[in-house]
Amino acid sequence: MTFSNTIRIFDTTLRDGEQTPGVTVSPDQKLEIAMKLDELGVDTIEAGFPVVSPGEMQAIKKIVKQGLRAEVCGLARTTKNDIDTALISDLKYIHTFIATSDIHMQYKLKMSREQVLEKALFAVEYAKKHGMIVEFSAEDATRSDRAFLNKIFKAVAEAGADRIDIPDTVGYSTPQYMSKLVTDVINSTGLPVSVHCHNDFGLAVANSIAGFQAGAKCAHVTINGLGERAGNASLEELVMACQCLYKLKHNIKTELLYEVSKFVSSAMGIIVQPNKAIIGENAFGHESGIHTHGIINNPLTYEPISPELVGRKRWMQAGKHAGAHGIKAILDEFGISTNEAQLKEIVEKQKVIADAGKSITTSDLLSLASEVIKNKRFDESFKLNDFHIVTGLNIIPTAVVKLNIHDKDFIASETGVGPVDAALKAIQTIAHGIANIKIREYKLDSITGGSDALAEVSVKVEDKEGNIISARKSGEDIVVTSVQAMIDAINKTMLKKLIEKNN
Ligand code: KIV
Ligand code: ZN
């Protein structure tokens, strides 16, 4: 088996990624994402599907106009109208597709194999006549008849297609099958081949790697694995697996992966699952005592790659599985030193809290530490004294919050779109000038079912210097839990500053 020397990354976050159910981004947001992808080093940006809307065309035009380093491509069916729309969107590179599996031809296209072949040839010839680079995809290739698939790929190659793509449209392929298909297509067309793998069985990255092993030059991927249903092959996972496990070269600046992932997640409104490889919150987080002990001696004991390689930092979590090594590491990070007996007491106390089913945030741990070492310096700066909310139908939600900051009482009242918004605004009003923070992200999840569900709130705040600090709380009352999470985040920000000042 042979690998191409440098693999190419065709990013389709702005096209297949935007087809994630419920996701739409404005033309300006598309442009911002395209610029980030270009900075990241992707080889191709599939900027969209021009025919879907005037806004889509406008976004594509804006992206093309930037003169990015990456090639910019757009999707088109094999119709004259789709290709003309791509042309008037200023595209010079088209990704044209038609389905080739019997199920798609019979139930969706209602066309015979001959008609499909004819349409494919028309599209390639028409786009070539207009001077475009043409990549041809046989939609649902992995469930298509092998002989027909080869026939259509060979025919479009002879008609002038520049590149061939093999879509695994419903994630139905195995790595072995993908490898066979790629070998066949290279043999029958002699063209550069891409693979486009969906993740319905969680095999999108493995299938893309199999494609590379069989000689494919390029893989279609998305940031965070976004895309229809279970998504597409995730750029971050594929690139890092290719680099670290298969020693392949690519043009991606891996240290930007986390930043771009966060950017896309917030622009598209799709949260990344915490345990997602490479970019999930927990990918470089450690709690268990055995692991943190190993990590402290040599991070490679429990990390396959260094977090910095993908723009991340390792973190340790307090909790029932945590041991003295992990807790000491967290306290060290905040410049808090303890003797052996104090450390033991802190570890035991946080285990008692964890055993009661509560998650322990860093500021919980620091409060605990300040209690044990009897140093108020590390204790909470903002304390919630009281708050009241008025809300209902035809009432503007209003919150009154009372805080105690360094033994002084403060009160503020704000209105908002809802009770949480009003309460968080009131806290920010009080904090303004003291902590100077902005909310960057607010997330609410229900942990259990039913109307008495336990809610988990996570808040990310940004301070004046651009540091992002997060805090998480769970509780039964959404407003109370949100207020507590916000105060936690502010306290962590204040503490960080205090420690930086002292060091
Ligand atoms: O998954 C797919 O088949 C596609 C095509 C448009 C290539 O996204
Ligand atoms: Zn797709």
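The figures that follow rest on heavy atoms only: side chains count, while hydrogens, waters and symmetry mates do not. Whatever order the structure lists them in is the order used to number ligands and atoms, beginning at 1. This structure is a prediction, so every number in the text was calculated from the model and none was measured.
- Within the 4.0 Å heavy-atom cutoff, H95 counts among the residues contacting ligand 1.
- H196 and H95 have tilted rings, their planes meeting at an angle from 30° to 60° on a 0 to 90° scale.
- Proximity of H104 to ligand 1, defined as any heavy-atom pair under 4.0 Å, is not found for any part of the residue.
- With respect to K30 and E18, a salt bridge is recorded, a charged nitrogen being found less than 4.0 Å from a carboxylate O.
- For the side-chain contact (heavy atoms from CB on, under 4.5 Å) criterion with T142, the lone passing option out of L181, L149, N207 is L181.
- Where the criterion is an N or O separation shorter than 3.5 Å, residue side chain and backbone included, D140 fails it with respect to ligand 1.
- Note on D16: counted as a metal contact of the Zn ion (ligand 2), an N/O/S atom lying under 2.8 Å.
- Closest approach between the Zn ion (ligand 2) and any N/O/S atom of H198 involves NE2.
- Heavy-atom contacts of H198 reach the following atoms of ligand 1: 1 (O) (cutoff under 4.0 Å).
- Here's the thing with T169: one of its N/O atoms is less than 3.5 angstrom from an N/O atom of ligand 1.
- For ligand 1, the atoms closer than 4.0 angstrom to any heavy atom of S137 are 7 (C).
- The protein heavy atom nearest to atom 4 (C) of ligand 1 is H196 NE2, 3.5 Å.
- Taking the six-membered ring for Trp and thresholds of 30 and 60 degrees, F10 and H220 have nearly parallel ring planes, at less than 30 degrees apart.
- In this structure, R113 satisfies the cation-pi test against F148, with its NZ or CZ atom closer than 6.0 Å to the six-membered ring centre and inside 45 degrees of the ring normal.
- At a 3.5 angstrom cut-off on N or O pairs, R15 counts as close to ligand 1.
- Y126 and D84 share a donor-acceptor pair across their side chains, judged by distance under 3.5 Å alone.
- For a threshold of 3.5 Å applied to N or O pairs, the pair formed by D165 and ligand 1 contains no separation below that value.
- For the pair D488 and R472, the salt-bridge criterion is not met [side-chain N within less than 4.0 Å of a carboxylate O].
- Annotation for I103: atom CD1 does not count as buried by contact number, only 12 or fewer foreign heavy atoms lying within 6.0 Å.
- Each of the following atoms of ligand 1 lies closer than 4.0 Å to a heavy atom of E139: 3 (O).
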